[in-house]
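Notes for the one structure printed next.
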2 protein chains.
Amino acid sequence: MSEPALRERRRRQTEREIGDVALELFERQGVDATTVDEIARAAGVSSRTFFRYFATKEAAALVPHVDLDERVERMLAELGPGRPLLDQLEDVWREVLTAFDDGRSEAGRLLLRVRRLMLTEPGLRQAAVALDAERVDELVARVARAMQLDDDLPARIAVEAAAVAVRVTLDRWADARDEGRRVDLLATYADACRYLRELGGPG
Amino acid sequence: MSEPALRERRRRQTEREIGDVALELFERQGVDATTVDEIARAAGVSSRTFFRYFATKEAAALVPHVDLDERVERMLAELGPGRPLLDQLEDVWREVLTAFDDGRSEAGRLLLRVRRLMLTEPGLRQAAVALDAERVDELVARVARAMQLDDDLPARIAVEAAAVAVRVTLDRWADARDEGRRVDLLATYADACRYLRELGGPG
DNA sequence: CGCCATCGTGGCAGTGAGTGCCAACACGGC
DNA sequence: GCCGTGTTGGCACTCACTGCCACGATGGCG
């Protein structure tokens, strides 16, 4: 320990600042037309420092997305072997999505901005997909460890399936709001989960 | 018409050549340690020409993967509304995977090399994931058009789910063969599909 | 308060991916 | 033979990203 909270707080603050500025600039002029130097300057740091906070240009705009994932990860602390894995994952996601729905929270508003940007920015979407894949891998490893599975195939399928439901839901959400339509995030998520479970039956 | 077959044939040949060389070099020295200039030179073209064939360095090594996808796409010509979508997708994939299994074909051997490389090369995996996402989007659009769906949510879920099963299967395959173990590609795929359909029940 | 270890930051130089532009050349039709 | 089209290579350029080093701020400690 002896980790001075000041440093940590400043670090988080700088990270937020860079992330906010990046998102703003990406929205205004597009990802390709925005240089790292521009973002860094607007955030009051050097471009060299930018890369100490984010590995890539796109990663800076994904801070709200990381927040979402971390929230889920924290809530998944109590993963029990009692109930089906998919049920537990969906419960957590349902709760988290509730908190992020529409303008209910600042985090939700930020997430919506990112997801809308992703609709027109392939590079950003790719970065988000890569991030998602990492999270899935981590989660699978964690589940396999916690449940002491000798074969992680079913766990991987379940986690990936849950991720698909969430991704599809968020895309719908962003797409609808992009056209001015209003959708119920949770209702859409419920639909996605239902279709997922109905795969065994009809099509 | 009037498309001189010679040009086309040459183009394909050059593409193969670059792809082969790229895969070879990536295997030998790693993706990061290999420059585009190196690949281009080894393939007998300029680096400027390289980028007329492939948008990124990683894309060059994914030629075998594109072959796989194109094969699937061709076989999906006869998509009918009669049977559940997932069933039809799985049928096609089962057939294609059979053709690519182990050393049964040159295409299969190449695919295995790529998938093994992906295990240790994050950049390559990311590129493959991005490619996969594009294919999924195309396929969803095609299905929605063919079946005249007003809501593509169930179709998207089905296509994404099918993609998950394949991806997981290929990863297992590469991972096992990487450790010298031998796995039955089709049996693994059958397992994955089964777990997918059992999501509604247990976990 | 002042000394010292540690860490974050900026500047700088360098690599290499990816792009626009133009001239040279090969093809295929006439 | 000539000409329109498509392909290639070279050049110059931008910019993402990295290693290195010196400087300044922070926080512990006497």
Side-chain angles (χ1 to χ4, degrees), chain A residues 1-19 21-23 25-26 28-63 121-128 130-131, chain B residues 1-19 21-23 25-26 28-63 121-128 130-131:
Chain A
M1 56 217 76
S2 86
E3 249 301 309
L6 178 64
R7 305 245 201 213
E8 187 62 17
R9 218 181 322 136
R10 271 175 101 106
R11 177 168 187 85
R12 254 191 260 277
Q13 187 180 337
T14 310
E15 189 174 288
R16 294 275 156 202
E17 180 64 22
I18 297 177
V21 167
L23 187 53
L25 287 175
F26 287 168
R28 198 155 34 173
Q29 12 175 313
V31 174
D32 292 340
T34 306
T35 69
V36 170
D37 224 67
E38 212 174 342
I39 302 171
R41 203 181 308 275
V45 297
S46 71
S47 70
R48 188 64 190 83
T49 296
F50 174 96
F51 285 112
R52 289 206 181 87
Y53 282 84
F54 301 101
T56 67
K57 184 168 71 162
E58 290 81 11
L62 295 181
V63 171
E121 295 281 356
L124 204 55
R125 167 166 294 263
Q126 184 170 343
L131 191 74
Chain B
M1 59 225 77
S2 85
E3 247 303 308
L6 179 62
R7 304 245 200 215
E8 187 63 16
R9 219 180 320 137
R10 271 176 101 105
R11 177 166 189 87
R12 254 192 261 278
Q13 187 180 337
T14 309
E15 190 174 287
R16 292 276 155 201
E17 179 64 22
I18 297 177
V21 167
L23 186 53
L25 287 175
F26 286 168
R28 197 155 33 175
Q29 13 174 312
V31 174
D32 292 341
T34 306
T35 68
V36 169
D37 224 67
E38 212 173 341
I39 302 171
R41 203 181 311 275
V45 297
S46 70
S47 70
R48 190 63 191 82
T49 296
F50 175 97
F51 285 112
R52 289 204 182 89
Y53 282 84
F54 301 101
T56 67
K57 185 168 70 163
E58 290 80 11
L62 294 182
V63 171
E121 296 281 357
L124 205 55
R125 167 167 293 264
Q126 185 170 343
L131 192 74

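In what follows, chains are A, B, ... by sequence order, proteins preceding strands, each numbered from 1.
By the side-chain hydrogen bond (donor to acceptor under 3.5 Å, both in side chains) test, B/Arg16 is found to be paired with B/Asp67, residues two or more places apart in sequence or in another chain being considered. Scanning for side chain to side chain contact (heavy atoms under 4.5 Å, CB included) contacts around A/Arg28 gives A/Glu24, A/Leu25, with sequence neighbours left out.
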Validation: residues 38-47 of chain A side-chain donor-acceptor distances under 3.5 Å, sequence neighbours left out:
from    : atom 1 : to      : atom 2 : distance (Å)
A/Glu38 : OE1    : A/Thr35 : N      : 3.3
A/Glu38 : OE2    : A/Gln29 : NE2    : 3.2
A/Arg41 : NH2    : A/Asp37 : OD2    : 2.4
A/Ser46 : OG     : A/Arg48 : N      : 3.4
A/Ser46 : OG     : A/Thr49 : N      : 3.1
A/Ser46 : OG     : A/Thr49 : OG1    : 3.2

Taking only distance into account, with no hydrogens and no angle test, what donor-acceptor pairs under 3.5 Å do side-chain atoms of residues 50-62 of chain B form with protein atoms, sequence neighbours excluded?
from    : atom 1 : to      : atom 2 : distance (Å)
B/Thr56 : OG1    : B/Ala59 : N      : 3.2
B/Lys57 : NZ     : B/Val31 : O      : 3.1
B/Lys57 : NZ     : B/Thr34 : O      : 3.0

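Looking at residues 31-39 of chain A, you'll see A/Thr34, A/Thr35, A/Val36 sit with a heavy atom under 4.0 Å from some atom of DNA chain D. Against DNA chain D, the stretch residues 49-59 of chain B makes heavy-atom approaches under 4.0 Å through B/Thr49, B/Arg52, B/Tyr53.
Regarding A/Arg11, its CZ atom lies at a distance of 18 Å from the C1' atom of D/dG27, rounded to whole Å. Atoms CZ (A/Arg12) and P (C/dG8) sit 14 Å apart, rounded to a whole Å. If you measure from atom CZ of A/Arg7 to atom P of C/dA5, you get 15 Å, rounded to the nearest angstrom. Atom CZ of B/Arg9 and atom P of D/dT7 are 15 Å apart (whole Å). Taking atom CZ on A/Arg48 and atom P on C/dA13, their separation rounds to 15 Å, with Å as the unit.
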Point to revise | From CA spacing to verdict: salt bridge (Lys or Arg N to Asp or Glu O under 4.0 Å), A/Glu8, A/Arg12 | key: CA-CA 6 Å; A/Glu8 187 62 17; A/Arg12 254 191 260 277; 3.4 Å; yes

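With rounding to the nearest 0.5 Å, the separation of CZ in B/Arg11 from CD in B/Glu15 is 6.5 Å. Separating the CZ atom in B/Phe26 from the CD atom in B/Glu121 is a distance of 8.0 Å, to the nearest 0.5 Å.
In plain terms, the two heavy atoms of B/Ala130 and A/Gln126 that are nearest each other are CB-CD, 3.7 Å.
The side chain of B/Arg10 has C/dC27 as its nearest neighbour among C/dC27, D/dG9, D/dT26.
Defining each end axis of the helix from C/dC1-D/dG30 to C/dC30-D/dG1 as the rotation carrying four pairs' C1' atoms onto the next four, with five pairs an end, the two axes are found to diverge by 10° to 10 degrees.
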